[in-house]
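Quick notes on the structure that follows.
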Protein chains: 2
Amino acid sequence: MVSQPTILETNVDILIIGAGPAGLMAAASLAHLTPVPSASPLSVRIIDKRSTKIFSGQADGLQCRSLEIFDSLGFADRAWKEANHMIEICMWNPDDSGMIQRSDRIPDTIVGLSRFQQIVLHQGRIERFFLDNIQKYSGGAIEVERGIMPISLEIGEEYVKVKVRKLTEEEAAPPQVRTGSKSNVTDGIFRSNLVGDDYENKKITRERNGGVETINARFVIGCDGARSWTRRALGPEFELQGEATDFIWGVMDIIPITDFPDIRMRCAIHSANDGSLMVIPRENHMVRLYIQLKEVTPDASGRADRTKITPELIFGAAQKILKPYKIDYEYCDWWTAYQIGQRISPSFSHPSNKVFLAGDAVHTHSPKAGQGMNVSMQDSFNLAWKVGLVAKGVCHPRILDTYQSERRRVAQDLIEFDHKFSRLFSGRPAKDVMDAEGVSMAEFKDAFLKGNLFASGLSVDYGPSCLVVKNGDPGELGDRSNRSRELEGVHKITEEAFNAKQSLAKGLPVGMRVNSFKVLSQSCARPWHFQERLKADGRFRVVLFAGNILNRNQKLRVQAFCDRLSSPVGFLRRATPEGARIDSVIEVLTIHSAKRTETELLRDFSDILHPFDPRTGWDYNKVFVDDESYHEGFGDAYSNYGVDKERGCVVAVRPDQYVGWIGELEDFEQLQEYFEGILVW
Amino acid sequence: MVSQPTILETNVDILIIGAGPAGLMAAASLAHLTPVPSASPLSVRIIDKRSTKIFSGQADGLQCRSLEIFDSLGFADRAWKEANHMIEICMWNPDDSGMIQRSDRIPDTIVGLSRFQQIVLHQGRIERFFLDNIQKYSGGAIEVERGIMPISLEIGEEYVKVKVRKLTEEEAAPPQVRTGSKSNVTDGIFRSNLVGDDYENKKITRERNGGVETINARFVIGCDGARSWTRRALGPEFELQGEATDFIWGVMDIIPITDFPDIRMRCAIHSANDGSLMVIPRENHMVRLYIQLKEVTPDASGRADRTKITPELIFGAAQKILKPYKIDYEYCDWWTAYQIGQRISPSFSHPSNKVFLAGDAVHTHSPKAGQGMNVSMQDSFNLAWKVGLVAKGVCHPRILDTYQSERRRVAQDLIEFDHKFSRLFSGRPAKDVMDAEGVSMAEFKDAFLKGNLFASGLSVDYGPSCLVVKNGDPGELGDRSNRSRELEGVHKITEEAFNAKQSLAKGLPVGMRVNSFKVLSQSCARPWHFQERLKADGRFRVVLFAGNILNRNQKLRVQAFCDRLSSPVGFLRRATPEGARIDSVIEVLTIHSAKRTETELLRDFSDILHPFDPRTGWDYNKVFVDDESYHEGFGDAYSNYGVDKERGCVVAVRPDQYVGWIGELEDFEQLQEYFEGILVW
């Protein structure tokens with residue numbers, strides 16, 4: 001007698017749907033939260049309907065901010081080592097005779113912006129780094145469950161009920177087939193926006209015993225791409241809104257054989273009449289070409305005929321654009337095509353703050369600016385610690401509102417940038433100033449230069465909220481989606497008062513990420529990029545710029561700050577659960593500006609700045625000095641952060657490295673309020 | 001009916017005995033030789049009688065040159081990331097009242113010496129990096145075979161016949177036991193020179209069927225430590241010679257709990273009367289203490305009573321030396337003790353040039369200078385490519401003579417350095433200038449400073465041979481062992497002629513390793529440390545300093561050089577086997593000094609400098625320019641290498657990054673002779 005199988009029902013704190021870069025970033029960030037104590041360990045699951053990770057094609061640009069984030073998770077070095085480094089952009093425009101010629105060279109990354117520069121690496125490798133990192137930091141507890149497809153979602157009081165089904169191998173295999181001409185080439189056209197939703201909607205024919213599970217999740221993060229199942233499950237009010245253009249572009253990853261001189265540079269090429277081309281040099285001799293397909297146009301329905309698009313057609317267009325230079329290839333790794341358009345969801349989170357959407361699920365645009373994967377990963381990097389710390393009971397749930405207010409604005413900026421940039425790049429170059437229909441190459445270069453800052457990911461500036469103490473209207477400065485709900489717990493501060501605070505550390509704009517300069521460990525003289533000490537482990541940080549600690553008055557000021565810091569009613573001890581390490585929720589880091597060799601850790605700094613542990617002794621890793629190193633120069637951190645070398649200041653840094661608060665050493669009460677608005681104690 | 005098992009007999013090109021750092025370096029280096037073609041793939045085996053790799057204790061300092069070598073194999077970044085970085089040395093001496101006080105601070109690594117600085121990392125991690133690297137580069141073909149013990153060795157005409165036996169698990173387990181007091185601590189005393197050879201000589205009682213194998217090896221490399229079985233198998237004429245001292249030192253790896261202010265610095269501490277101590281800060285909060293044991297002295301036999309030596313005794317001595325500072329610990333990871341002495345083998349290789357010894361097998365000394373593991377790895381790094389290329393039929397067997405001539409001298413220098421340094425460090429500090437029995441602290445500091453250069457591994461300067469074209473007596477400049485056999489193929493060059501050549505590139509001394517400065521890729525503007533382009537893949541390199549390629553005369557000179565290089569009778573084509581890539585035995589790299597943006601790879605440089613491949617197109621990775629980078633400054637390579645920016649020069653670099661030859665662009669014939677003396681074609 002065979003009994004009817006009961007449907008498996010399980011509970012989890014956080015369920016991530018989709019294991020592309022955004023989903024993996026969420027999982028990795030959550031795996032790193034271990035230093036922060038909680039009543040029970042955080043349980044996290046990540047599912048994906050595909051049976052394997054990506055192996056070729058797809059996004060590949062990594063901007064500075066993504067690398068800084070990778071570094072805070074511990075694997076920027078792997079990307080840096082394997083990637084192709086893009087150093088220079090060469091612009092090619094038609095000359096008077098209509099021949100393309102190099103008109104400009106600019107650095108690909110603005111000089112001095114970050115300790116990293118933009119690089120290019122295949123998405124499959126990035127997913128590999130994430131998978132290894134998740135394995136290492138979760139100790140195997142978080143593992144991507146592949147071939148699992150969500151089939152229903154229901155938001156309840158306590159849990160989001162997500163029913164999922166295990167796919168058969170055949171169902172889970174992506175229909176990415178080898179169809180190329182010269183060799184069997186991986187074709188990405190099935191995922192392109194030129195085709196319908198046939199893959200995503202393919203009919204599930206076989207139900208199997210034991211194949212269905214109900215997951216009761218406290219929080220759900222949907223990172224399931226442009227055709228997000230999670231988004232559709234949330235209802236039509238989450239659908240992407242925006243427009244498509246008539247511009248169709250092809251993409252090819254090839255090993256080029258060419259006499260074009262700048263094939264290893266990033267190039268933006270406008271031909272006189274044959275369309276535009278972007279060259280992105282990659283690893284393993286490969287080059288990605290983004291190629292405008294002027295011969296392919298959308299039909300009355302607004303969609304191009306995908307059957308017309310072949311590698312031969314795409315490459316033929318590239319050969320025309322590049323004339324008189326010759327280009328050919330023996331090896332093509334991948335190709336696809338897309339229609340330029342920009343779409344965004346009105347909302348990134350369900351009003352319950354139990355279901356969130358990130359990445360392509362809420363914003364799509366053209367891939368040429370190399371932004372998609374980066375902004376998507378930064379979405380879930382912004383979200384994961386918030387959800388994780390709320391799930392752990394460490395943070396107040398109100399911080400979850402800031403996900404939408406912070407990230408939807410960035411997405412909005414992105415699609416506006418892409419909208420403008422795509423039109424300038426897809427337009428025919430103006431023949432002269434009288435050619436009003438043509439695109440001015442000077443304007444294009446200008447947009448490119450401005451876009452470079454945006455494209456670094458470092459211009460992101462979060463508006464006022466409970467997490468960011470600055471003046472202004474949170475609706476205007478933050479979220480521009482006209483969401484009805486007011487942000488809770490926004491700090492009130494006048495423009496004048498804020499300017500006074502900001503002037504204490506002009507190089508650390510409140511709402512922006514902490515830039516990095518080198519400081520030395522007081523106890524061992526080792527130089528560290530300060531950002532290296534701001535790991536993404538879910539801890540808030542208070543950075544005490546202690547100033548000239550050898551000055552008697554300043555020493556008294558620092559002492560007074562430390563006394564309040566050590567007090568049982570101060571935020572530090574109140575935030576720390578009974579029995580936990582004093583640095584487990586908020587870590588205090590000190591940078592002073594006296595000479596290293598004239599100061600001593602144990603003699604000149606309060607115990608609270610280098611806490612004692614009965615097993616490991618004093619903590620030698622929390623006090624730094626702004627002084628010259630033997631081998632790596634002088635970081636000049638005080639000057640670069642714009643902090644007074646005598647008086648210093650205090651800065652609160654969020655777990656994602658963004659500046660949340662700045663004040664004087666005497667502004668302890670305000671700092672206490674800042675943490676009171678965020679933490680549960 | 002059970003038949004008598006026949007003994008398994010196998011052939012191998014190279015057998016490495018011992019899988020410590022020296023043996024693993026040999027295996028890794030051989031795994032990297034794949035770009036160099038050979039009739040059949042090189043077969044390599046590495047055996048070790050221990051059943052596991054090292055997990056704690058043992059050597060841990062990594063000097064600059066070792067890191068450069070790791071980088072040439074591809075894993076310096078892993079060591080750099082995990083290690084503790086030692087930045088400063090603090091010297092502590094008794095003041096007038098006999099209390100210890102800090103008397104000096106000096107940088108631990110001489111500033112500007114290398115792109116790396118000395119770091120400290122547990123030997124077990126280093127072995128892990130080697131194992132991963134060997135796996136990756138050999139594709140799994142080379143794997144350490146553990147629990148295998150050699151039992152006989154016989155040198156024949158064609159092969160060295162090595163009989164080995166598979167040990168039982170019990171036999172193979174090292175007798176490293178947990179004997180500490182406060183916790184169960186790993187004790188390294190069994191490997192210390194204070195005990196006899198009981199472990200190494202333990203009686204093999206069980207012979208098992210199938211447990212014995214005869215390996216016919218073309219070459220054998222013995223890296224089996226201070227009590228090397230291989231050395232003893234070669235006969236008494238290889239026995240270590242040297243002397244022991246009365247100085248006994250203890251070693252402890254602890255997490256210290258202390259008020260001593262410099263516990264995270266490298267410290268050399270001379271107490272007034274209680275002996276000396278060295279502090280080596282390590283990873284994971286740990287510190288290694290080298291502690292002089294004044295209370296333990298050798299008996300009449302010259303050997304100390306090991307039973308007296310306990311962690312309590314060692315730590316008690318440390319506490320006395322450090323007074324008035326307090327030190328204690330809760331956690332001890334490992335401890336041992338040793339008697340200072342220096343011994344060296346008269347010969348590093350069997351006259352047949354079929355069996356070689358490397359590392360501790362041929363030189364032993366005290367561990368404090370952090371030299372042992374480094375010099376040992378550098379021995380086998382020097383040897384492996386020579387044996388590998390001879391085995392592949394690429395190099396003439398005469399190059400094998402240079403192993404002894406080059407490395408025995410380094411070992412001799414090392415034990416002289418250690419002899420002097422140990423005595424200065426173990427001596428009682430002089431009370432004043434009249435205290436003739438005491439050690440002058442000024443003299444100690446001076447020795448330390450001089451020792452620092454030696455200790456970096458960068459002062460190694462190989463004498464004249466078939467591989468190094470310089471003047472001088474090879475016997476004097478190279479091997480000082482008074483070996484009877486003459487070095488074969490030594491190039492004759494007068495002092496005057498040599499000085500003229502050397503003056504073409506004063507920053508590239510012939511016989512020393514190529515220092516590293518940043519240059520840019522001509523085709524993509526990416527900055528590279530030039531050493532990064534000198535991978536340890538068994539290839540010789542010709543570095544063409546092309547000078548100012550935009551100058552008409554200079555361009556003609558470069559063209560003339562390239563024409564001869566491209567000729568079928570030139571060394572490049574003669575060295576390259578039929579059907580192999582043109583860069584498979586000798587790679588030509590170019591550094592020019594014109595402006596990057598005024599030059600173009602395909603237009604301004606001969607095809608031979610960026611060879612064409614029908615599948616991958618032009619080679620964009622061989623031409624570099626000495627120009628300013630956007631993000632990483634200006635390497636100023638021509639000035640730093642001392643090369644004329646207009647005229648340039650040509651430099652031949654060995655596979656191990658040592659300069660072998662320097663000449664003018666017109667000295668093609670001499671360069672041809674250089675390679676004729678080395679390569680078989």
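Below, chain A is the first sequence line, B the second, and so on; all start at residue 1. Just so it is clear, the values below take in all heavy atoms, side chains as well, and ignore hydrogens, waters and symmetry mates.
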Between [options], the one whose heavy-atom pairs under 4.5 Å with chain A are most numerous:
{"options": "B:His85, B:Met286, B:Lys81", "value": "B:His85"}
{"options": "B:Asp108, B:Asp619, B:Thr109", "value": "B:Thr109"}
{"options": "B:Glu88, B:Arg102, B:His285", "value": "B:Glu88"}

Would you indicate whether B:Lys136, at its atom NZ, is surrounded by more than 12 heavy atoms from other residues, nucleotides or ligands within a distance under 6.0 Å?
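Not buried by this count: 12 neighbours or fewer within 6.0 Å.
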Contact check, side chains of A:His631 and B:Arg115, non-hydrogen atoms, under 4.5 Å:
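Not touching, per the 4.5 Å side-chain cut-off.
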Pairwise distance [atom1]([X]) to [atom2]([Y]) - rounded to 0.5 angstrom:
{"X": "B:Ile87", "Y": "A:Glu632", "atom1": "CD1", "atom2": "CD", "result": "7.0 Å"}
{"X": "B:Arg264", "Y": "A:Asn621", "atom1": "CZ", "atom2": "CG", "result": "7.0 Å"}
{"X": "B:Asp77", "Y": "A:Arg78", "atom1": "CG", "atom2": "CZ", "result": "10.5 Å"}
{"X": "A:Arg615", "Y": "B:Ile257", "atom1": "CZ", "atom2": "CD1", "result": "9.0 Å"}
{"X": "B:Leu602", "Y": "A:Tyr325", "atom1": "CG", "atom2": "OH", "result": "10.0 Å"}

Using non-hydrogen atoms only, which part of A:Ile119 is less than 4.5 Å away from chain B: side chain, backbone, both, or neither?
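A:Ile119 has no heavy atom closer than 4.5 Å to chain B.
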Could you look at [X] and say if it's the side chain, the backbone, both or neither that has a heavy atom under 4.5 Å from chain A?
{"X": "B:Ile106", "answer": "backbone"}
{"X": "B:Tyr630", "answer": "both"}
{"X": "B:Ile263", "answer": "side chain"}
{"X": "B:Ile327", "answer": "neither"}
{"X": "B:Leu601", "answer": "neither"}

Highest number of heavy-atom pairs under 4.5 Å with chain B: which of [options]?
{"options": "A:Ser523, A:Gly74, A:Pro256", "answer": "A:Ser523"}
{"options": "A:Pro107, A:Ala525, A:Pro261", "answer": "A:Pro107"}
{"options": "A:Ser629, A:Pro614, A:Cys90, A:Ser521", "answer": "A:Pro614"}

Nearest heavy-atom neighbours spanning B:Thr258 and A:Trp618:
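Answer, listing the atom of B:Thr258 first, then A:Trp618: O-CD1, 3.6 Å.
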Nearest atoms (heavy-atom pairs only) where B:Thr616 meets A:Ile255
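Nearest heavy atoms, B:Thr616 then A:Ile255: CA-CG2, 3.6 Å.
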Before giving the answer on side-chain contact (heavy atoms from CB on, under 4.5 Å), spell out for A:Arg105 and B:Arg596 the whole-Å C-alpha distance, their side-chain angles and the decisive distance to 0.1 Å.
CA-CA 12 Å; A:Arg105 296 179 191 262; B:Arg596 175 178 65 82; 3.7 Å; yes
